[in-house]
Amino acid sequence: MPDAADEDLEEVMHYHPRYEEFKLKMTSNTPSNNNSTTNEVKDTWSAKLYNKNASFVYSPAFTSAVLSLLNAKAGERILDLGCGSGEITVDLQTVVGDDGLVVGTDFSHDMIEKSQSNGLRHAFVADAQALEFPPDLQHHNGTFDAVFTNAALHWCKRDPAGVIRSVKAALKKDGKGRFAGEFGGYLNCVGLRGAIHSVLRKRGYDPKKLDPWYFPSVQDYQSLLESEGFEVQHISLTPRITPLPGDLVDWQQTFCRESCFAEMSDQEAAEAMSEVQDLCAVDCRDASGSWAIMYVRLRFVAILSEKV
């Protein structure tokens, strides 16, 4: 019989880990307020645990910079790509007011349900790498002044260019449509990611296959944006020390159990995560026993060219 820890792990959120193996047919025939689980892929996100273990993702201290890049205004129409549980999206809804529109989309039904309970009026489940609007929102595609994203695109390893094509389709074609966001970039989780790869390789697993992340450099992502007709106004990498509410095993259980350690039994995964934690302690744990990770955030804003 599984113990309480095993049951908790079943609720741990993972943002489409091992996505390259998924062939998800998105719910283009499903109304945006229908949150039933898709048959093709089990939703492995838990909004409850996300709010408990990763609330720093949407904290004002860590989101003010990217929101400044977005510079949302009253009356604008904004699409939030990877809206999660909707805390930022609901704030944007207040900024644009009744004359504007904010629509959130996320890969997870549980996250969309939570965002709606938080007050988000328009939200739907979709794959950012091949975005399809449900019928009741389809008429909004191509009408947005801006597309915003925070802490989501580093999970879109399968087709990063597909995300940009989805954004291009969603924006107005008036030469002013902007794409603003932040996600994990080059050197994100430096040291920790290498330790995970080392432990996987030592145990006979292929880390390249199991690693779920896309952490591009400034040069790589700028080239990708420009190849799809965007003019980059700002792009940068910003190191950010991110304190953890628990230890490094907790972080791995939240973000890695169903990706990096997906092929392991619970016992082997627990051993592997402890081994990773031991390797990283010299860099990630302070004298008082508190843990932190060096995040590096890629921030950008780009304008869709009139010529597209």
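One-based numbering along the sequence shown.
- Heavy-atom neighbours of Lys176 NZ from other residues, nucleotides or ligands within 6.0 Å: at or below the threshold of 12.
- Here Asp145 does not pair with Arg178 in a salt bridge; the nearest charged N to carboxylate O distance is not below 4.0 Å.
- Remark: Asn71 engages no residue in a side-chain hydrogen bond (donor to acceptor under 3.5 Å, both in side chains) (not counting sequence neighbours).
- Among all heavy-atom pairs drawn from Arg257 and Met264, the shortest one is NH2-O, 3.2 Å.
- The shortest non-hydrogen separation linking Val125 to His109 is CG2-ND1, 3.5 Å.
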Listing, residues 89-96 side-chain donor-acceptor contacts under 3.5 Å, not counting sequence neighbours, or none:
residue: Thr89; atom: OG1; partner: Asp80; partner atom: OD2; Å: 2.7
residue: Gln93; atom: OE1; partner: Arg121; partner atom: N; Å: 3.0
residue: Gln93; atom: NE2; partner: Gly119; partner atom: O; Å: 2.9
residue: Thr94; atom: OG1; partner: Val90; partner atom: O; Å: 3.4

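- The closest donor-acceptor contact from the side chain of Glu228 to the backbone of Ile164 lies at 3.5 Å or more, if one exists at all.
- Panel note: side chain Thr105, backbone Leu81; no donor-acceptor pair is recorded below 3.5 Å.
- Counting only heavy atoms from C-beta outward, the side chains of Asn188 and His154 never approach each other to under 4.5 Å.
- Here the CG atom belonging to Leu248 is positioned 5.5 Å from the SG atom belonging to Cys280, to the nearest 0.5 angstrom.
- In this structure, the separation between CD1 on Ile293 and SG on Cys189 is 5.5 Å, given to the nearest 0.5 Å.
- When every heavy atom of Trp155 is checked against every heavy atom of Pro212, the shortest pair comes out as CZ3-CG, 3.8 Å.
- Atom-to-atom distance recorded for Phe144:CZ and Arg77:CZ is 6.5 Å, nearest 0.5 angstrom.
- Under the 4.5 Å side-chain heavy-atom criterion for ILVMFWY residues, no single connected hydrophobic cluster contains both Leu153 and Leu69.
- Val282 and Val276 are assigned to two separate hydrophobic clusters, defined by single-linkage of ILVMFWY side chains at heavy-atom distances under 4.5 Å.
- Without hydrogens or angle criteria, Lys173 side chain to Lys168 main chain gives a donor-acceptor distance under 3.5 Å.
- Nearest heavy atom pair, residue Cys83 against residue Ile112, reads SG-CD1, 3.9 Å.
- Inspection of the Asp286 and Ser288 side chains reveals an N or O donor paired with an N or O acceptor under 3.5 Å.
- Under a 3.5 Å cut-off, the side chain of Arg165 and the backbone N or O of Ala169 do not form any donor-acceptor pair.
- By the side chain to side chain contact (heavy atoms under 4.5 Å, CB included) test, Ser117 pairs with Lys114, sequence neighbours left out.
- Within 6.0 Å of CG in Asp98 there are 12 or fewer heavy atoms belonging to other residues, nucleotides or ligands.
- In this structure, the side chains of Leu224 and Pro160 come closer than 4.5 Å at one or more pairs of heavy atoms.
- The two residues Arg297 and Tyr295 have their closest heavy-atom pair at NH1-CD2, 3.4 Å.
- Atom-to-atom distance recorded for Arg203:CZ and Glu263:CD is 13.5 Å, nearest 0.5 angstrom.
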List the steps and the verdict of side chain to side chain contact (heavy atoms under 4.5 Å, CB included) for Trp291 and Asp250. CA-CA 10 Å; Trp291 291 82; Asp250 292 337; over 6 Å; no

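- Residues that satisfy the ring-ring contact (aromatic ring centres under 6.0 Å, His included) test with Tyr221, not counting sequence neighbours, are Phe183, Phe300.
- Remark: Asp247 engages no residue in a side-chain hydrogen bond (donor to acceptor under 3.5 Å, both in side chains) (not counting sequence neighbours).
- Under the 4.5 Å side-chain contact rule for hydrophobic residues, Phe148 and Leu120 share a cluster.
- Two residues are said to be in side-chain contact when any heavy atoms from C-beta on lie closer than 4.5 Å; Leu200 and Leu210 meet this criterion.
- Using a distance-only test at 3.5 Å, with no hydrogens or angles considered, a donor-acceptor pair links the side chain of Gln129 to the main chain of Asp159.
- Between Val199 and Tyr205, the closest side-chain pair of non-hydrogen atoms is not below 4.5 Å.
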Side chain to side chain contact (heavy atoms under 4.5 Å, CB included) evaluation trace for Val190 with Val296: CA-CA 9 Å; Val190 64; Val296 180; 5.7 Å; no

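- Note that CE of Met111 is 11.0 Å distant from CG of Asn118, once rounded to the nearest 0.5 Å.
- For the pair Glu271/Glu275, no side-chain contact is recorded, criterion being any heavy-atom separation below 4.5 Å from C-beta on.
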Practice prompt. Please report the C-alpha distance between Arg158 and Asp127 in whole Å, then the side-chain angles of each, then the deciding distance to 0.1 Å, and finally whether the side chain to side chain contact (heavy atoms under 4.5 Å, CB included) criterion is met.
Written response: CA-CA 11 Å; Arg158 179 177 59 83; Asp127 174 4; 2.8 Å; yes

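- Alongside Ile303, the hydrophobic cluster contains no other residue (criterion: ILVMFWY side chains under 4.5 Å).
- By the rule that hydrophobic residues join a cluster once side-chain heavy atoms approach within less than 4.5 Å of another member, Leu67 and Val102 end up as members of one cluster.
- In this structure, the side chains of Cys156 and Tyr214 stay at 4.5 Å or more apart for every pair of heavy atoms.
- At least one side-chain heavy atom of Leu225 sits under 4.5 Å from a side-chain heavy atom of Phe179.
- Looking only at distances, no side-chain donor or acceptor of Ser198 sits under 3.5 Å from a matching main-chain atom of Gly194.
- Residue Pro207 comes nearest to Arg201 through the heavy atom pair CG-NH2, 3.6 Å, listed as atom of the first residue, atom of the second, then distance.
- Tyr186 has its side chain out of reach of Asp220: every pair of non-hydrogen atoms, C-beta onward, lies at least 4.5 Å apart.
- Tracing side-chain contacts under 4.5 Å through hydrophobic residues (I, L, V, M, F, W, Y), one reaches Leu279 starting from Phe255; they form part of the same cluster.
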Evaluation steps, side chain to side chain contact (heavy atoms under 4.5 Å, CB included), between Leu131 and Leu79: CA-CA 12 Å; Leu131 193 66; Leu79 175 67; 3.9 Å; yes

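- With rounding to the nearest 0.5 angstrom, the CD1 atom of Ile235 is 8.5 Å from the CD atom of Gln219.
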